[in-house]
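Shown next, in structure tokens, is the structure this report addresses.
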Amino acid sequence: QSVTWKVCYDDPSGRKAFEVRLLETDLTDVTISEEVPAPDAGNPTLDYRRAQDAFRGEQFSQAVNLYDEFLQKYPNNPQALDALFWKATAQMRMDQHRAAIASYNQLRQQYPNDRELLPSAIFNQAIAHSNIGERSAAVELMEYVVEQYPLTQAAERARRALGQDS
């Protein structure tokens with residue numbers, strides 16, 4: 001005769017389950033069952049980290065998909081701004097400049113008051129325009145960065161690209 005319990009615990013990779021059987025004749029007999037998937041509540045930290053890992057591994061297509069999933073699941077998460085920025089940057093790395101421009105536009109519309117990533121996003125958007133031959137749009141955006149965010153690294157890069165001394 002034996003009694004069986006299923007013991008579960010959460011870890012960063014998902015929910016694990018172990019069956020523990022206590023036998024009257026033996027002290028314990030422990031068997032590990034197959035991993036039980038975590039409920040689909042999601043883990044924003046883990047989901048964001050997966051997208052970042054794909055980006056760092058230069059798996060840009062996968063990174064874009066993971067950032068999109070993150071943004072759909074957690075639109076109000078504090079890391080949504082970062083996810084949108086890195087999604088656009090991944091699109092740039094894949095030479096998907098029009099898609100990157102759209103993502104950077106989305107970032108500008110959703111986070112108009114951001115002072116950290118927004119200047120770089122606008123500068124990167126200018127580069128995307130330049131890469132598809134839209135020079136006037138690129139120049140306009142670079143001048144905007146210099147005017148609105150003069151003390152940022154993005155403004156310094158824009159001044160260099162425009163041929164202005166800092």
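Residue numbers count from 1 along this sequence. On a predicted model such as this, the values are computed, not experimentally measured, just so you know.
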Closest contact, heavy atoms only, [X] versus [Y]:
| X | Y | result |
| --- | --- | --- |
| Ala51 | Ala63 | O-CB, 3.9 Å |
| Lys87 | Ser103 | CE-OG, 3.6 Å |
| Pro75 | Ala80 | O-CB, 3.7 Å |
| Pro150 | Ala155 | O-CB, 3.7 Å |
| Ala90 | Val64 | CB-CG2, 3.7 Å |
| Gly42 | Lys73 | CA-NZ, 4.2 Å |

Residue pair [X] / [Y], side-chain heavy-atom distance below 4.5 Å:
| X | Y | value |
| --- | --- | --- |
| Ile127 | Met142 | yes |
| Arg157 | Asn124 | yes |
| Asn131 | Met92 | yes |
| Thr89 | Phe55 | yes |
| Tyr104 | Gln106 | no |
| Glu143 | Gln148 | no |
| Tyr74 | Gln79 | no |

Nearest 0.5 Å please: distance from the [atom1] atom of [X] over to the [atom2] atom of [Y].
| X | Y | atom1 | atom2 | value |
| --- | --- | --- | --- | --- |
| Tyr149 | Arg115 | OH | CZ | 5.0 Å |
| Asp47 | Glu69 | CG | CD | 7.5 Å |
| Glu140 | Arg135 | CD | CZ | 13.0 Å |
| Trp86 | Arg93 | CH2 | CZ | 9.0 Å |
| Gln125 | Asn105 | CD | CG | 4.5 Å |
| Phe85 | Leu118 | CZ | CG | 10.0 Å |

Cationic N near anionic O, under 4.0 Å, Asp53 to Arg56: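 The answer is yes: the pair qualifies as a salt bridge.
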Salt bridge flag under 4.0 Å for residues Arg98 and Glu134: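 A salt bridge is present here (some side-chain N lies under 4.0 Å from a carboxylate O).
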Members sharing Ile101's hydrophobic cluster (side chains within less than 4.5 Å):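 Besides Ile101, the hydrophobic cluster comprises Ile132, listed by chain and residue number.
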Co-membership, hydrophobic cluster, residues Leu66 and Met94, 4.5 Å side-chain: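 Leu66 and Met94: separate clusters.
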Side chains of Ser120 and Gln153, donor plus acceptor under 3.5 Å: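 Judged by distance alone, the side chains do not pair up.
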side-chain contact (heavy atoms from CB on, under 4.5 Å) partner of Leu107, the single match among Ile122, Asp82, Leu81: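 Per the side-chain contact (heavy atoms from CB on, under 4.5 Å) rule, the option paired with Leu107 is Leu81, out of Ile122, Asp82, Leu81.
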Cation-pi, Tyr144 ring and Arg108 (6.0 angstrom, 45 degrees):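 Yes, a cation-pi geometry holds between Arg108 and Tyr144.
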Within 6.0 angstrom of Gln110 CD, more than 12 heavy atoms from elsewhere: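 Yes.
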